[in-house]
Peer 1: 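Here it is, the structure, as structure tokens.
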Amino acid sequence: MKCIRSFLLASLLIVCFVSVSVAAPLINVAGDGYEDVGGLPYAYYANSGELLFLAPGNNQGAHLINVQNKLNSIAGYESVILTEANITWAGYGSAGAAASGTWTVNPLTSVIDFYIVKAANAYAMYLVDPADNAGSWSTFDLWNAGYGGNQPLKISHVTGYNPHCNVPVPATILLLGSGLWGVVAYGRKRIKA
């Protein structure tokens with residue numbers, strides 16, 4: 001019985017550590033064919049989301065209606081209503097010249113479905129699937145579409161959308177472990193009786 005108890009405890013710990021996921025930003029690698037310029041990385045980080053669309057203009061304030069309409073015109077996103085999330089973003093590289101970086105949702109127990117990268121006179125919207133609480137951004141798609149000239153674009157801002165609470169994995173695993181422990185205890189009681 002001691003062996004079974006040790007096995008269950010070890011299994012619970014393994015599940016706990018494996019299930020807690022923290023998103024890692026995508027580092028751009030030379031020659032991988034992804035966000036490369038002549039075989040070299042465009043910037044240190046690559047976009048962790050899937051590009052949905054590019055649009056001229058701004059995405060904040062009164063311009064949100066334009067973003068909403070553009071997203072709703074894409075098949076599968078007709079009924080999505082955008083709500084801004086509280087995110088923190090940081091640029092990588094020299095001050096004022098960051099062409100890529102990272103983003104994190106505040107609080108970390110929340111996740112987002114979309115983010116926008118704004119640079120030059122345009123913005124790019126990305127889908128985060130599955131929704132996540134951290135990732136990386138890049139101005140590559142805007143630059144590649146011809147916005148901003150020949151040099152890597154400088155970021156204006158990164159905006160996250162549609163925040164929702166993530167499943168509290170540690171609490172779920174604790175509940176599962178308690179249930180398994182109860183089953184083992186009940187089994188031991190039946191065997192002794």
Side-chain angles (χ1 to χ4, degrees), residues 15-29 31-37 41-60 63-92 98-119 122-145 147 153 155-173 176:
V15 169
C16 195
F17 286 116
V18 170
S19 297
V20 176
S21 67
V22 176
L26 297 177
I27 296 175
N28 210 341
V29 179
D32 65 356
Y34 184 67
E35 294 195 2
D36 282 353
V37 179
Y42 169 78
Y44 186 76
Y45 290 106
N47 277 296
S48 57
E50 174 190 340
L51 178 65
L52 290 178
F53 64 84
L54 300 168
N58 198 344
N59 66 296
Q60 292 187 323
H63 303 287
L64 180 60
I65 190 69
N66 298 332
V67 179
Q68 183 72 62
N69 291 337
K70 184 82 171 164
L71 179 64
N72 294 152
S73 71
I74 299 172
Y77 300 98
E78 298 90 351
S79 61
V80 174
I81 297 173
L82 293 175
T83 305
E84 193 168 323
N86 183 14
I87 69 167
T88 302
W89 62 273
Y92 181 84
S100 70
T102 58
W103 55 264
T104 308
V105 181
N106 300 316
L108 280 175
T109 54
S110 295
V111 293
I112 60 171
D113 297 305
F114 307 97
Y115 68 92
I116 282 182
V117 175
K118 166 72 170 82
Y123 61 91
M125 184 168 218
Y126 297 88
L127 170 67
V128 182
D129 186 25
D132 217 333
N133 63 354
S136 54
W137 59 267
S138 169
T139 58
F140 175 78
D141 293 310
L142 291 165
W143 173 83
N144 198 38
Y147 293 103
L153 290 173
I155 187 71
S156 170
H157 57 267
V158 178
T159 311
Y161 293 99
N162 289 37
H164 50 89
C165 290
N166 203 357
V167 176
V169 176
T172 304
I173 291 174
L176 174 67

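Only this structure's heavy atoms are used, side chains among them; waters, hydrogens and symmetry mates stay out. Quantities reported herein were computed from a predicted structural model and do not represent experimental measurements.
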Peer 1: May I ask you to decide if S110's main-chain N or O and N133's side chain share a donor-acceptor pair within less than 3.5 Å?
Peer 2: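 Answer holds: no.
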
Peer 1: Just so I know, are the side chains of F114 and V67 near enough to count as touching, which here means a heavy-atom distance under 4.5 Å?
Peer 2: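 They are not in side-chain contact.
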
Peer 1: Contact between L82 and N162 at the side-chain level, heavy atoms closer than 4.5 Å - yes or no?
Peer 2: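 SC-SC contact between L82 and N162 confirmed.
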
Peer 1: Within the structure provided, determine whether V29 and Y34 are in side-chain contact (heavy-atom separation under 4.5 Å).
Peer 2: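 V29 vs Y34: side chains apart.
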
Peer 1: Heavy-atom distance under 4.5 Å between the side chains of V105 and V111, does that happen here?
Peer 2: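 Side chain of V105 against side chain of V111, heavy atoms only: no contact under 4.5 Å found.
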
Peer 1: At what distance, to the nearest 0.5 angstrom, does CG of L51 lie from CG of D141?
Peer 2: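 Result: 4.5 Å between the selected atoms.
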
Peer 1: Are the side chain of S48 and the backbone N or O of S136 linked by a donor-acceptor pair below 3.5 Å?
Peer 2: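 Judged by distance alone, yes, a pair lies under 3.5 Å.
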
Peer 1: I'd like to check the ring-ring contact (aromatic ring centres under 6.0 Å, His included) partners of Y115; sequence neighbours left out, ordered by chain and number.
Peer 2: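 Y115: ring-ring contact (aromatic ring centres under 6.0 Å, His included) contacts with W103, Y126.
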
Peer 1: Kindly give the heavy-atom pair with the smallest separation between G57 and K118, and that separation in Å.
Peer 2: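 Closest approach of G57 to K118, heavy atoms only: O-CE, 3.2 Å.
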
Peer 1: Can you pull the side chain to side chain donor-acceptor pair (under 3.5 Å) pairs that have at least one residue in residues 69-86, sequence neighbours excluded?
Peer 2: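 Of all non-adjacent pairs touching residues 69-86, those that pass side chain to side chain donor-acceptor pair (under 3.5 Å) are Q68-N72.
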
Peer 1: Write down the atom of V128, the atom of I112, and the distance for their closest heavy-atom approach.
Peer 2: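 The answer is CB-O, 3.7 Å.
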
Peer 1: Taking side chain to side chain contact (heavy atoms under 4.5 Å, CB included) as the definition, give me every residue that meets it alongside Y44, ordered by chain and number, with sequence neighbours left out.
Peer 2: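 Testing Y44 for side chain to side chain contact (heavy atoms under 4.5 Å, CB included), a comparison that skips the adjacent residues, returns I27, Y92, S100.
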
Peer 1: State, yes or no, whether a side-chain contact exists between M125 and I74 at a heavy-atom distance under 4.5 Å.
Peer 2: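 Result no, sub-4.5 Å side-chain heavy-atom pair not found.
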
Peer 1: Under the 3.5 angstrom rule, does the side chain of W137 hit a backbone N or O of I116 as a donor-acceptor pair?
Peer 2: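 No, the answer is negative, given that no donor and acceptor are paired below the 3.5 Å cut-off.
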
Peer 1: What's the shortest heavy-atom distance between A119 and T139, and which atoms?
Peer 2: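 Smallest heavy-atom distance, with atoms named: CB-CG2, 3.8 Å.
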
Peer 1: Where the side chain of D32 meets the backbone of N28, is there a donor-acceptor pair that is under 3.5 Å apart?
Peer 2: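 The answer is no, because no donor-acceptor pair under 3.5 Å joins these two groups.
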
Peer 1: Apply side-chain hydrogen bond (donor to acceptor under 3.5 Å, both in side chains) to the pair Y123 and N66, showing each step before the final yes or no.
Peer 2: CA-CA 11 Å; Y123 61 91; N66 298 332; over 6 Å; no

